[in-house]
S.K.: 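Please read through the structure below; I'll follow up with questions.
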Protein chains: 4
Amino acid sequence: MKTTFEQITPARPPQDESAILSSRKQIAARYREIRAFSERLCEPLGVEDYVIQSMPDASPAKWHLAHTSWFFETFVLQPGLPGYRSSESLNSYLFNSYYNAVGPMHCRARRGMISRPNVEETYRYRRQIDEGMMDLFSYASETRWRQLESVIVLGLHHEQQHQELFLTDIKHMFAQNPLYPVYSKRPERNPATVPALNWGHFQEGMYWLGHQGEDFCFDNECPRHRVFLENFQVASRLVTNGEYLAFMDDNGYARPELWLSLGWLTANEQKWKAPLYWEKQEAEWFTFTLTGWCKVNPSEPVCHVSYFEADAYARWANSRLPTEAEWEIASANLPLSGNFVETEHYHPTIAPETRNGELAQMFGDVWEWTRSSYAPYPRYVPAKGAIGEYNGKFMCNQYVLRGGSCATSRTHIRRTYRNFFAPDKRWQFTGIRLAKDGL
Amino acid sequence: MKTTFEQITPARPPQDESAILSSRKQIAARYREIRAFSERLCEPLGVEDYVIQSMPDASPAKWHLAHTSWFFETFVLQPGLPGYRSSESLNSYLFNSYYNAVGPMHCRARRGMISRPNVEETYRYRRQIDEGMMDLFSYASETRWRQLESVIVLGLHHEQQHQELFLTDIKHMFAQNPLYPVYSKRPERNPATVPALNWGHFQEGMYWLGHQGEDFCFDNECPRHRVFLENFQVASRLVTNGEYLAFMDDNGYARPELWLSLGWLTANEQKWKAPLYWEKQEAEWFTFTLTGWCKVNPSEPVCHVSYFEADAYARWANSRLPTEAEWEIASANLPLSGNFVETEHYHPTIAPETRNGELAQMFGDVWEWTRSSYAPYPRYVPAKGAIGEYNGKFMCNQYVLRGGSCATSRTHIRRTYRNFFAPDKRWQFTGIRLAKDGL
Amino acid sequence: MKTTFEQITPARPPQDESAILSSRKQIAARYREIRAFSERLCEPLGVEDYVIQSMPDASPAKWHLAHTSWFFETFVLQPGLPGYRSSESLNSYLFNSYYNAVGPMHCRARRGMISRPNVEETYRYRRQIDEGMMDLFSYASETRWRQLESVIVLGLHHEQQHQELFLTDIKHMFAQNPLYPVYSKRPERNPATVPALNWGHFQEGMYWLGHQGEDFCFDNECPRHRVFLENFQVASRLVTNGEYLAFMDDNGYARPELWLSLGWLTANEQKWKAPLYWEKQEAEWFTFTLTGWCKVNPSEPVCHVSYFEADAYARWANSRLPTEAEWEIASANLPLSGNFVETEHYHPTIAPETRNGELAQMFGDVWEWTRSSYAPYPRYVPAKGAIGEYNGKFMCNQYVLRGGSCATSRTHIRRTYRNFFAPDKRWQFTGIRLAKDGL
Amino acid sequence: MKTTFEQITPARPPQDESAILSSRKQIAARYREIRAFSERLCEPLGVEDYVIQSMPDASPAKWHLAHTSWFFETFVLQPGLPGYRSSESLNSYLFNSYYNAVGPMHCRARRGMISRPNVEETYRYRRQIDEGMMDLFSYASETRWRQLESVIVLGLHHEQQHQELFLTDIKHMFAQNPLYPVYSKRPERNPATVPALNWGHFQEGMYWLGHQGEDFCFDNECPRHRVFLENFQVASRLVTNGEYLAFMDDNGYARPELWLSLGWLTANEQKWKAPLYWEKQEAEWFTFTLTGWCKVNPSEPVCHVSYFEADAYARWANSRLPTEAEWEIASANLPLSGNFVETEHYHPTIAPETRNGELAQMFGDVWEWTRSSYAPYPRYVPAKGAIGEYNGKFMCNQYVLRGGSCATSRTHIRRTYRNFFAPDKRWQFTGIRLAKDGL
């Protein structure tokens, strides 16, 4: 199997580039780049910032750094590099996230109890893995390479996922601190007004869903399969803070008829009155961001809402959330561009103008909740062995999100990419795109 | 809309009967019959048995009796019977289950804290509702009748649902009592051997899903819509205790690779080692039933398993659970017959012999877990007003079950009927039917 | 040991009555009287009222009836009545409260899950025990009688304790019911004004503390021992609702400096703003009683306050709670009379006028929190065997209360009687008497 | 009031030294010494080790460093140093432990969520406080000095208390880490055998209890007052691991008759089978210490037991725990020497030989649980203002411990010193000394 990295946008055909890019050299370059980016994201941190786990869903920064290295150690170096010696017998226990097939693991909720290995040791561990990988890139036989290539590429996508989690976890941790540390300087933004929301129309019919071609994808995007869709419409842009404030002002958080039963329970138990990270000071709403506190900008997309809030908002707006099939079909001919982590904004931005129901902001800015429960595609078969635990076992009580966010790498996202979170989670960069039945 | 009761089995065409049955007289007869059956189910109870709520999911028997009456009072008599006077101002608070639109309600988990209204008063309340309903049957104008007919029929199906819950709740409550009371005498059963499991084959193609016609159905069975299905196979009978014991003996409860991640967590937290109500005495498994403790019969269908257990069993058996669409298509030409509550067995029975992949036990015995998350059908619109809270707001983090059980009324079930429970629930009569991808 | 019942007031010397009263006849009469009183207290109940356990601290009424019978069965009939046959093997499991030495027991918090044995069977069980006891009173040999007499008397005091718990548990259960059932008709009360609070003065010195003489007492009242007390003062009457309202109006529940640290935590977690059973309707405070809701009468003693509230009130009032030694010394020459359960008021009453620091209301009305942690007296030795579990093992994290309440039998209380509850409990009839250091 | 530090042992009379030592110079020297010791204790830590809070009872190391500085800032510099400017407005919020009178505070259980102020900033904060204090030592007027002297001395004792908490919290945190970091190198110890346990006898009589003289003490040691004690005996040394193992081997953790009811519940809920930090590897018990894992030495004192375990052990050994009065009287003529933090063993040591019931190990090694609930002494009056929250408000549901431990400073402990913890706490260096009634 030939896997390439630059071609993950089906819009840009792989063709002749493919042979070149798929070489070890290209993957090695990609490895160095992605690994370096993980460390670059850590630059604003002090040693103390690496240690804390602010809630069971989050992980300490140093755990992310170690775990992504452990992935390469466990699934590439140990099986693939003759003579490779694990540095520490306990690493496999401490940095295993959830791979039961690999052995027992440290309790997820207690990752913040561990001051050692310390930050320096963690970086040393990364160095060791990197050296092993460089050896492997240089010296692996062709046979061995063919066996390992796909899991290395998986490991790089895995690390990109943790880069996003790193950012959302740091944001959550800083938000717990009454000193409200700032992760990054606020970029200047041009004042802009939000374009009118209009609707893209899509015809009923049989469609192909899921990943096609030789490029990398996660197993949950396969197999490609047929679905029947009825006419539907998709909103041209994301729901804005201003629109969401209208929902709030219309008593949205206090009207049970707008909510799923479980959402209503959750919102009451957790006393939700606004998106996560919002706080009212006198008459004004503020939001905590990776660049510090700022006024809620009514033109920006609403962010840090749960599935429950997205669903309630949609009901209030006489709309609904799209299914993941609708989302994927609607995105078919769009360029894979947007406000990704590379912009270093770490915050969603105002939608550009579009015309004739052309869809904007489908990629980047915020992950878009769909109404689709995360489930296996027809004839889905998880990968063999421990890697098979990557996706399949989470297909229960989670909802699919699509399109990536301002914390996602552009080289990581795909049209067929299926992200998933439980419906009460709010600490990811999650937002709302509306859909409607078509005529 | 004309709604009839005897025609809910698509196998028996409604045709000319319809006109007759749809008359008030028929519905009134049906009302008397169903209401009487609720009370007949209570015959084995002592006064004390009506009071207890053995867990938040369950309700006291007297609450079921009152709540089903409250439904008629609130949605039929108050709007529809001129001069009707509610007996007690607090009833609406105490006996409202979850209809926010009707007003505030007593906390679900505290239904067992309420000794008054007592059992006699509860029956008196039922009498009052019944009298009001009889007046309405006799004297309602034709216009009024047309407005109320469908909600009355809904109320009767609602009461049948609570009859099933009544039985599962009593079973759960008796199981908490070290004296293990017996609800009903054990019927004699002929010894039988379980037929071999074989597979029914179904062709890929476009299918219509959901309720068709004028007969009663819940709003969640609508609208009828098209789905595309690939080739699939469905097992000819339910999974038996004997088969499930083989899974247990093969260490099924201790192998994480067989389980969904959430299922594994749940099974460990709740220390599941066998289906609910099973206990091992020396080398022998016993199960508590509504007819008391008995040895686990390896030929009977396994029962009281969660979605998580059903899913893990299927994975162990190199199969999967069917989707609800597959189940509905597979049941297309089967007679709506089986081991329902009318048999008064209150326990699933051994499958009959079938040939050539013909499906047995699709109706009755146990509810069959599907792998389909409970979600709205395309273009689903909940009913207006409080009745709209009946189904739609529960479409999150629940899984669809099909086919009815030994505690369901035969006149209540349909091929398109969508039952739903959270994936960790086990106190309903829930079992397993396997499916596989087709060739 | 000769134990008598009528002489428990040290003020009335036992003398010559003793010989007569100590006879079996007298104890048998006492047995019949106390057992009948338990049943008389149940007269206002419907069958449903016997079943519910409204919180883990409380027990269902039928459990109280059965447990007190179990006590006689286990500690008297089984060891003492030749040929006695236990009715049900499970009774010992179900009705054992906390006697580990007797065997395993049903989980305390699940006493409300058990509809059987039902109410009728419970009364039948009482009958059987009563018959056994009558046989024993009639036919036990003198030797046997001497062995059993003291535990029978203990069993009678035990039953009187449960009579008080029965009333507080019923009150708590009715308070959970939005229908607010009434246990008993309100007695007419003469309007009265509350006398001024003044102080009784007591001299420093060595005092004897604890039970003296041959009369019955619990083992925790022994041995009699010496304590040194400094000068102290005790308030002439209980703190009234009016005084407590002044504390509330002075922001007493919102001022941490008035509270023990643990009390402050508890009050905040449980959102205490007033005594248990109080509710404000518009500007007026109401309280739920066994005779229904009534306006808070500012002249009546405050009731249903925790140790934490009593302590905070005392600090606010520039006073303190008495130690149990001070209380016992202060009560030395007072008649053992007051508002006990025999008055059938089930609610504390206004203090009578007293002069010269004479103490009123020391007995009856409300249990008086002392600042003494419940601890063994010097050289305390618990009784041998299971009976030794009666008191000693609870001597941790509880506070001593003195004097009895409007739910205590006059024949049950003593000057040396040590009641005890955890400092956050409020469902007993508990109130406040102030003390101060003396000059 | 003249307060000195070297004279805190009543055995060594203050006399003429007093005048000299009480000078500012001496207190300033003492200040430098104690503050430096806090930082010296931190030397083995990496930056990451300062951040973690391993349970709500514990605090991060950097919080201890900051909070003890905050104490001087809040109670000395702000009121006492003209022109002093607080560094950070939030410090008062973050580093206030429980002084409600000073203002709101950060939630105790969330001290580990705060990566900033970081370790360097924390030390900078200490520097700033130290500079302010040096100014104050140099320039305060005599009047001002007299106002502040006692609170400065209190602040130093407060810091010594936190030095002990620092050690127990680091131990707890390291014990959560599967890498089991070592805080300090193990000192060599001479093999020694444990001397026989014999009993010191004390006569009944009136005794004075509590602090006497002008030296520093906490307010809870006052006022000195009289108590009457009966004859009693006190064990000549602490209970050893070997003796405790005999209790364990005799099924001590499985016999409810040995336990307080609350202790039995706690031991079962928390699955206690041995002291905290013990683990069995094959047939051998090991214990985690600040110098790493080592075999349980049967000759050393048992440590890290709760009050519940101490009480159960004593009951098993046909003894009891001493009251705090007995302990204080028994220690009357002993030198204030022992195994304190200055030895840098951080672990209790084997008792020396003693004769004739002479008591060993009364000071140092382990805090000794007494059976006395922590309560105010007669006529106790807490200090005015926020400082009054230091002790008094904790006098509920805690038990008094006496004598100091291997983590206590020798200059911190006193014969009359009252330490206190809830009866289920085990992470302090807590052990057992037996007592008995005397003849």
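Each chain gets a letter, A, B and so on, in the order its sequence line appears, and its residues count up from 1.
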S.K.: Given heavy-atom pairs under 4.5 angstrom as the criterion, report whether the side chain, backbone, both or neither of A:Pro382 touches chain B.
M.R.: neither
S.K.: How far does CH2 of B:Trp259 sit from SG of A:Cys396, to the nearest 0.5 angstrom?
M.R.: 12.0 Å
S.K.: Heavy atoms only, distances under 4.5 angstrom: which of A:Gln398, A:Arg320, A:His225, A:Glu204 has the most pairs with chain B? Name it, please.
M.R.: A:Glu204
S.K.: Given side chain to side chain contact (heavy atoms under 4.5 Å, CB included), test A:Phe228 with B:Leu229 step by step and report yes or no.
M.R.: CA-CA 9 Å; A:Phe228 177 78; B:Leu229 297 182; over 6 Å; no
S.K.: Where is the tightest heavy-atom contact between B:Gly392 and A:Leu260, given as atom of each residue plus distance?
M.R.: O-CD2, 3.9 Å
S.K.: Of the backbone (N, CA, C, O) and the side chain (C-beta and beyond), which part of A:Arg371 lies under 4.5 Å from a heavy atom of chain B, both, or neither?
M.R.: side chain
S.K.: Relative to chain B, which segment of A:Asn231 carries a heavy atom at a distance below 4.5 Å: side chain, backbone, both, or neither?
M.R.: both
S.K.: Identify the two heavy atoms, one from B:Gly438 and one from A:Arg379, that lie closest to each other, and give their separation to 0.1 Å.
M.R.: O-NH2, 2.9 Å
S.K.: Is A:Tyr98 close to chain B through its backbone or its side chain, or both, or neither, when contacts mean heavy atoms under 4.5 Å?
M.R.: neither
S.K.: Atom CG in A:Asn100, atom OG in B:Ser261: separation rounded to 0.5 Å?
M.R.: 8.0 Å
S.K.: What distance separates B:Arg108 CZ from A:Leu265 CG, expressed to the nearest 0.5 Å?
M.R.: 10.5 Å
S.K.: Of all of B:Lys436, B:Glu257, B:Glu389, B:Met206, which one pairs up most often with chain A through heavy atoms under 4.5 Å apart?
M.R.: B:Met206
